[in-house]
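Just below is one structure, and these are the notes that go with it.
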Amino acid sequence: MKTQQKIDRTARDLDPEVHNSNFMGAKLKSERRYATLHRDYDAPDKLRETAGLIKQHTLEHLDTYLAQAEASFQRNGATVHFAVNDDAVNAKVLSIMNENNAKSLVKSKSMLTEETHMLKYLEENGKEVVETDLGEFILQIDNDHPSHIVTPIVHKNRRGIAKSFEREGLGDYNDDPETITRRARKHLRQKYIDADVGLTGGNFVSAESGRVVLVTNEGNARFCMAANKIHIAVIGIEKLVPTDRDLGLFLNLIARSGTGQQLTVYNQFIAGPKSKDQAHGPEQTHIIFVDNRRTEVLASDCREILRCIRCGACLNVCPIYRQSGGHAYRSVYPGPVGAVLSPLLAGNRFPELADLPKASSLCGACNEVCPVNIPIPDLLLRLRDKAKREGAKVAMKGTPNLTMWATLCSQPTMWKTALSMGHTMNYIPTELVPHPSAKSWQGARKLPKFQGGEFRKWFKNRK
């Protein structure tokens, strides 16, 4: 075996067509982000810093803002629930459906429901569940999983989707994107009308006004609510912002960071059930705030990761994600944010995902593009240290012991000597490299020719 880490093996064995879809999809979104932000704002980094401070302030006073949000929602006529873990939130949704004799549910895109495996749970309990986001719908009929936070089927192309539609009886093979979209719309339209419950996530929640903010480009979230009497919003407790005014900043940043748009096509502000003078809309609104180990993350030294607004910018810019794709991360959240968040949310399963923080070059690009200024490289290092301290040996297999390297780097005389002899590495065959992990690494990668080691000599003899 040439490489030891699971993510390395996934990247190595990735189908070239899937790799190209991943790489180009991420690259193009990252380029659009740079162009849009720097075109529209003179100092976008100041906006990122401000957004980060607002989110951090909210997290540090989360108990206060959760209580305020609960009171605001209740004032608006919504029912508020709190779920401590994935079992609790799934059971609560099922309970709401059973109490209202609801048999079917249409749902908008929600990473949190992916996290709790809600679709499978409801289906196992006899409910019909239909994903209405086009990408999620395709994943559902393919029995697949998202590979990106914003564009869940970035690993697929139109030819594969056309074959899936043909298999499901949605029309003869046709890989024209417009035709695919029209067929999905025709199929889903009746599902909206027939469903008993509409379920959404929530991008932001204003504690001040008690409003859920949904950011979409397809409008399916509106359809999920318009024809149904019951609306359920499943939301992580970290999605709060203090005031309505804050939303102006975050809505501008999430669109530009995620897709390079000035503003997403549909932005909905949902306070509660329909009012008496409204002809259509839900008669019941249920807000379920979900913990699912988020308070444990909040108590850790990696709490800054809870600032994340799920824009996907760090995935798009990450050289590791571009090569491996999202499925290599073996969890709901891929890329740099997933490399931090997924092991933390795993709880006792932390050792199984302890290798993810090592899936990084620590280049810092993820921090540079993050709209809420999360210091992701720092958090990755903290989790690497956690894995080392807790002895996550299985997941960390193949990691060389760096004690000798640390000693070398901390001794100036030894370091100077090593640099002066660095050119000798150009002549050592791979089979003579003594350490097994070094052999493994060199078996899959090729070092560039060593050309350094002359600076100190030049500096000492300069005139």
Side-chain angles (χ1 to χ4, degrees), residues 73 77-83 85-141 145-146 149 152 184 187-205 211-237 239 266 268-274 280-292 310 332:
F73 277 120
T79 303
V80 180
H81 313 269
F82 291 90
N85 55 30
D86 51 1
D87 290 336
V89 65
N90 290 344
K92 177 54 66 177
V93 172
L94 180 64
S95 173
I96 294 170
M97 294 185 72
N98 286 338
E99 288 169 4
N100 291 275
N101 297 313
K103 303 296 183 184
S104 59
L105 177 149
V106 284
K107 67 183 292 290
S108 181
K109 182 173 178 289
S110 164
M111 296 301 291
L112 184 49
T113 58
E114 292 280 353
E115 185 183 322
T116 67
H117 306 288
M118 184 178 291
L119 189 151
K120 181 181 179 182
Y121 174 86
L122 293 177
E123 288 180 336
E124 288 176 348
N125 282 275
K127 306 302 182 183
E128 180 190 2
V129 183
V130 179
E131 295 279 4
T132 64
D133 174 88
L134 179 57
E136 294 284 352
F137 172 70
I138 292 165
L139 292 175
Q140 184 180 13
I141 64 175
H145 302 284
I149 291 174
H187 174 77
L188 292 172
R189 189 61 55 92
Q190 194 61 42
K191 297 292 184 181
Y192 294 122
I193 296 171
D194 293 341
D196 302 309
V197 177
L199 186 144
T200 70
N203 294 91
F204 305 102
V205 171
R211 293 195 289 183
V212 179
V213 182
L214 291 171
V215 177
T216 72
N217 275 320
E218 296 181 17
N220 58 307
R222 293 187 178 188
F223 282 126
C224 284
M225 292 179 282
N228 301 310
K229 294 183 179 181
I230 303 168
H231 170 220
I232 303 173
V234 179
I235 305 166
I237 57 175
K239 294 300 185 71
Y266 299 95
Q268 292 115 168
F269 297 77
I270 301 134
K274 70 174 184 176
H280 304 286
E283 297 174 3
Q284 298 179 37
T285 297
H286 295 267
I287 308 298
I288 306 177
F289 283 115
V290 183
D291 185 333
N292 209 27
R310 308 292 193 269
V332 174

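What you see is a predicted model; the values in this text were computed from it and never measured.
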Which value, rounded to the nearest 0.5 Å, describes the distance between Ile237 atom CD1 and Phe289 atom CZ? 9.5 Å

Could you tell me whether His187 atom NE2 has more than 12 heavy atoms of other residues or ligands within 6.0 Å of it? yes

When you measure from the side chain of Asn220 to the backbone N and O of Ser108, does any donor-acceptor pair fall under 3.5 Å? no

Under 30°, 30 to 60°, or over 60°: which ring-plane class applies to His286 and His81, parallel, tilted or perpendicular? parallel

Mind listing the closest non-hydrogen atom pair of Thr285 and Pro282 along with its distance? OG1-CB, 4.4 Å

Test applied, side-chain contact (heavy atoms from CB on, under 4.5 Å); reference residue, Val89; option that passes from Thr113, Ile232, Val290, Asp291: Val290

Give me the atom names and distance for the closest heavy-atom approach of Ala78 to Gly272. CB-CA, 4.3 Å

Applying side chain to side chain donor-acceptor pair (under 3.5 Å), which residue pairs with at least one partner in residues 224-237 are found, sequence neighbours left out? Thr200-His231

Any side-chain heavy atom of Leu188 within less than 4.5 Å of one from Phe223? no

Check the pair Val93, Leu105 against side chain to side chain contact (heavy atoms under 4.5 Å, CB included), reporting the backbone distance first and the verdict last. CA-CA 10 Å; Val93 172; Leu105 177 149; 4.2 Å; yes

Side chain to side chain donor-acceptor pair (under 3.5 Å): which pairs involve residues 117-126, sequence neighbours left out? none

To the nearest 0.5 Å, how far apart are CG in Leu199 and CD1 in Ile288? 7.5 Å

Between Asp194 and Glu128, is there a side-chain heavy-atom distance shorter than 4.5 Å? no

Measure across Phe73 and Val212 and return the closest heavy-atom pair with its distance rounded to 0.1 Å. CZ-CG2, 3.6 Å

Would you say Ser104 and Val130 make side-chain contact, with heavy atoms under 4.5 Å? no

Taking the side chain as every heavy atom from C-beta outward, state whether Leu122 and Asn90 have any atom pair closer than 4.5 Å. no

To the nearest 0.5 Å, what is the distance between CG (Asn292) and OG1 (Thr116)? 7.5 Å

How long is the span from the CG atom in Leu139 to the CD atom in Glu114, to the nearest 0.5 Å? 7.5 Å

Please enumerate all residues that pass salt bridge (charged side-chain N to carboxylate O under 4.0 Å, His left out) together with Glu218, with sequence neighbours excluded. none

Side chains of Met111 and Val332: closer than 4.5 Å at any heavy-atom pair? yes

Taking all non-hydrogen atoms of both residues, which atom of Leu112 and which atom of Gly236 are closest, and how far apart? CD2-N, 3.4 Å

Between Asp133 and Pro152 the two heavy atoms that sit nearest each other are OD2-CG, 4.1 Å

Indicate the atoms forming the closest heavy-atom contact of Leu214 with Gly202, along with that distance. CD2-CA, 3.7 Å

Examine distances only and state if a side-chain atom of Asp196 and a backbone atom of Met97 form a donor-acceptor pair shorter than 3.5 Å. no

Can you find a side-chain donor-acceptor pair between Thr132 and Glu136 that sits under 3.5 Å? no

Any donor and acceptor pair, going by atom type alone, linking the side chain of Lys127 with main-chain N or O of Asn98 inside 3.5 Å? no

For a side chain to side chain donor-acceptor pair (under 3.5 Å) with Glu131, tell me which candidate from Lys191, Lys107, Lys109, Gln140 qualifies. Lys107

Donor-acceptor contact present, side-chain Asn85 to main-chain Asp87, <3.5 Å: yes

